[in-house]
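Start at 1 with the first residue, then count along the sequence.
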Amino acid sequence: MPHTSDVLTVERDGHVATLWLDNPDRRNALGPAFWVDLPVMMDELSDDEDVRAVVVAARGPAFTVGLDLKTMGSAVSGGGAGGAGKASEAARRTVARREIKRMQASVTAVADCPKPVVAAVHGWCIGGGVDLITACDIRLAAADATFSVRETKIAIVADLGTLQRLPGIVGRGHVAELAYTGKDVSAERAAEMGLVNHVLPDAETCHKAAHELAAEIAANSPLAVQGTKAVVRASDGSSVADGLDYVSVWNSAFLQSNDLTEAFSAFMEKRPPRFTGQ
């Protein structure tokens, strides 16, 4: 049976799955259930051969207001180890690091999805929300979206992936400005930086555009799309020569497929291809 969650839901439409942040009463604050359920549900989507692309979107007035400090504050600070009288400082810090690593792994489950992941952002996208969308491959925003790498304003160093993934998206100068100031950034400014690909008029239009983009991706050969994602990821931080060597090995192993035959047949017969991922 598929995993169920109180704060996340999944909808499937053809070869596209939408993972909804679905705790609108809390403005999708990222509490304990989110960090437990996200990797489980992303792993299910990763393993589902019928799913070829994933959209991450949110219900309610905000994408997410970030970490739920009411429920997660003590765990992140190491308070869950029992306090100074019951556990040593080393023990409490070990607990804090273990909790941070667990949350990092939750976000990384999005980045590790072999299928392309499209984020559709509206309203607030704060702190952990930026960690989440930088783990996605493509980001779209509604005009009302506001982004903030907020951690320095609450005396935290962002530790769930933004500082590692964002430089590859917007460049180090923009990362420094966003992370050092903790300022709010509009959708328009986010597009200028390259954080989002497109800005749509409202949340509904943004969600529709993200689904249409995911469906366009899903219409292509899943073998080729997932191979392309794997090659792009393997090329991060590599030389051009190493990247070219990697893709030569990849295509030597995976080029000969039924999808390739179908692509040629469809071209010759002047019809849309019907890819099966075989």
With sequence neighbours excluded, residues passing side-chain hydrogen bond (donor to acceptor under 3.5 Å, both in side chains) with [X]:
X	result
Arg172	none
Thr9	Asp22
His207	none

Legend entry - Pairing of Asp50 and Arg12 as salt bridge, 4.0 angstrom limit: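 A salt bridge is absent here (no side-chain N lies under 4.0 Å from a carboxylate O).
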Legend entry - Pairing residues for Arg98 by the side chain to side chain contact (heavy atoms under 4.5 Å, CB included) criterion, not counting sequence neighbours: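 For Arg98 the side chain to side chain contact (heavy atoms under 4.5 Å, CB included) partners, ignoring immediate neighbours, are Thr94, Val95.
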Inset, instruction - Could you work out the complete set of other residues in the hydrophobic cluster of Val40, with links drawn between I, L, V, M, F, W and Y side chains under 4.5 Å apart? - result: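 ILVMFWY cluster around Val40 holds nothing else.
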Legend entry - Nonpolar side-chain network containing Val247, other nodes, edges under 4.5 Å: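 Val231, Tyr246, Trp250, Phe254, which link up through side-chain heavy atoms under 4.5 Å apart, make up the rest of the cluster.
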Partner set under salt bridge (charged side-chain N to carboxylate O under 4.0 Å, His left out) for [X], not counting sequence neighbours:
X	value
Arg150	Asp184
Glu44	none
Lys101	none
Asp245	none

Inset, instruction - If a pair satisfies ring-ring contact (aromatic ring centres under 6.0 Å, His included) and one of its residues is in residues 38-62, list it, with sequence neighbours excluded. - result: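 Not a single pair qualifies under ring-ring contact (aromatic ring centres under 6.0 Å, His included).
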Please table the atom pairs, donor to acceptor, closer than 3.5 Å between any side-chain atom in residues 266-278 and protein atoms at least two apart or in another chain.
{"residue": "Glu269", "atom": "OE1", "partner": "Arg271", "partner atom": "NE", "Å": "2.6"}
{"residue": "Glu269", "atom": "OE1", "partner": "Arg271", "partner atom": "NH2", "Å": "3.4"}
{"residue": "Arg271", "atom": "NH1", "partner": "Glu262", "partner atom": "OE2", "Å": "2.6"}
{"residue": "Arg271", "atom": "NH2", "partner": "Glu262", "partner atom": "OE1", "Å": "3.2"}
{"residue": "Arg271", "atom": "NH2", "partner": "Glu262", "partner atom": "OE2", "Å": "3.3"}
{"residue": "Thr276", "atom": "OG1", "partner": "Gln278", "partner atom": "N", "Å": "3.4"}

